[in-house]
Amino acid sequence: LVEPFATRSQLNAVLSGLQTELNTKADIESGTCALKLEAEDGTVLGTASGTYKKIAGLVYLQAEFHTDTAPSSDIVRITGFPFTVPVSGGATNASDLHYITTTLEPPKTLQVPTEGYVACEVMRPQALFIYGTYIV
C-alpha cells in the first residue's frame, strides 16, 4: 500500500506552524511597518514604509519616506512603530533612533520624551530615512 502524498496547502500549513514555533522559541520576529508622520493635531502627513527585525528585546528598524512636494504642515512626531518605543535613557529603556532628511545634513536623533511618543524636529521634508534600534 502507498500512502497518499500531502497536498501543497497541507505542507504550507505544517511549514507555517514550524516557523511560528521557531520564532517563539528563538524570540525572533521580522516584518514590515508603515510609520506615520504626524502633525501636532495628529493629522497624518505621510507614511514611511519600513522593515524591522526583533531579536529578543532589541528591535532593529529602518523606514523611508519620499514625496514630490513637501507636507502641508510640520511633522512633529512619528507613530506606527511595530513595538512601543520606551522613554530614552537609562540602562533598560534605551532607544537609538535616528533620521536623515538629506545627504548634506548629519543624522539627527529622534527624541522619546514619554513612553511611545517619538518626536522629531519640526520639519517638512520631501525625503526622510529613519533607522536605528530600541529595546522593548
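Note that these values count all heavy atoms, side chains included, but never hydrogens, waters or copies made by symmetry. Residue numbers count from 1 along this sequence.
Minimum heavy-atom separation, E40 to R77: O-NH2, 3.1 Å. Nearest heavy atom pair, residue L45 against residue S72, reads CD2-OG, 3.9 Å. When all heavy atoms of E105 and I100 are compared, the pair lying nearest together is O-CG2, 4.3 Å. Pairing each heavy atom of I75 with each of P125, the nearest pair is CD1-CD, 3.7 Å. The heavy-atom pair separating A70 from Q126 by the smallest distance is N-CG, 3.6 Å.
Residues C33 and F81 form no side-chain contact, since every pair of their non-hydrogen atoms from C-beta on lies 4.5 Å or further apart.
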Side-chain donor-acceptor pairs of residues 56-66 under 3.5 Å, sequence neighbours excluded:
| from | atom 1 | to | atom 2 | distance (Å) |
| --- | --- | --- | --- | --- |
| E64 | OE2 | H66 | NE2 | 3.0 |

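Each of L110, V85, T47, L97 was evaluated against I78; a single residue qualifies, L110, per the side-chain contact (heavy atoms from CB on, under 4.5 Å) test.
Residues F83 and V118 are members of one and the same hydrophobic cluster, defined by side-chain heavy-atom contacts under 4.5 angstrom among Ile, Leu, Val, Met, Phe, Trp and Tyr. Hydrophobic clustering (side-chain heavy atoms under 4.5 Å, transitive across Ile, Leu, Val, Met, Phe, Trp, Tyr) groups Y52 together with V136. Taken together through direct or relayed side-chain contacts under 4.5 Å among Ile, Leu, Val, Met, Phe, Trp and Tyr, V76 and L128 form parts of separate hydrophobic clusters. If you chain together hydrophobic residues whose side chains sit under 4.5 Å apart, V112 and L37 fall into the same group.
Think of Y117 as one node in a network of Ile, Leu, Val, Met, Phe, Trp and Tyr side chains linked at under 4.5 Å; it has no links at all.
With sequence neighbours excluded, no residue forms a salt bridge (charged side-chain N to carboxylate O under 4.0 Å, His left out) with K36.
Distance check: E38 CD to C120 SG gives 10.5 Å after rounding to the nearest 0.5 Å. Separation of atoms CZ (R124) and OG1 (T101) is listed at 14.5 Å; rounding is to 0.5 Å.
Using cut-offs of 30° and 60° on the angle between ring planes, the pair Y131 and H98 is tilted.
We find that K54 and E29 are not joined by a salt bridge, their nearest charged nitrogen and carboxylate oxygen being 4.0 Å or further apart.
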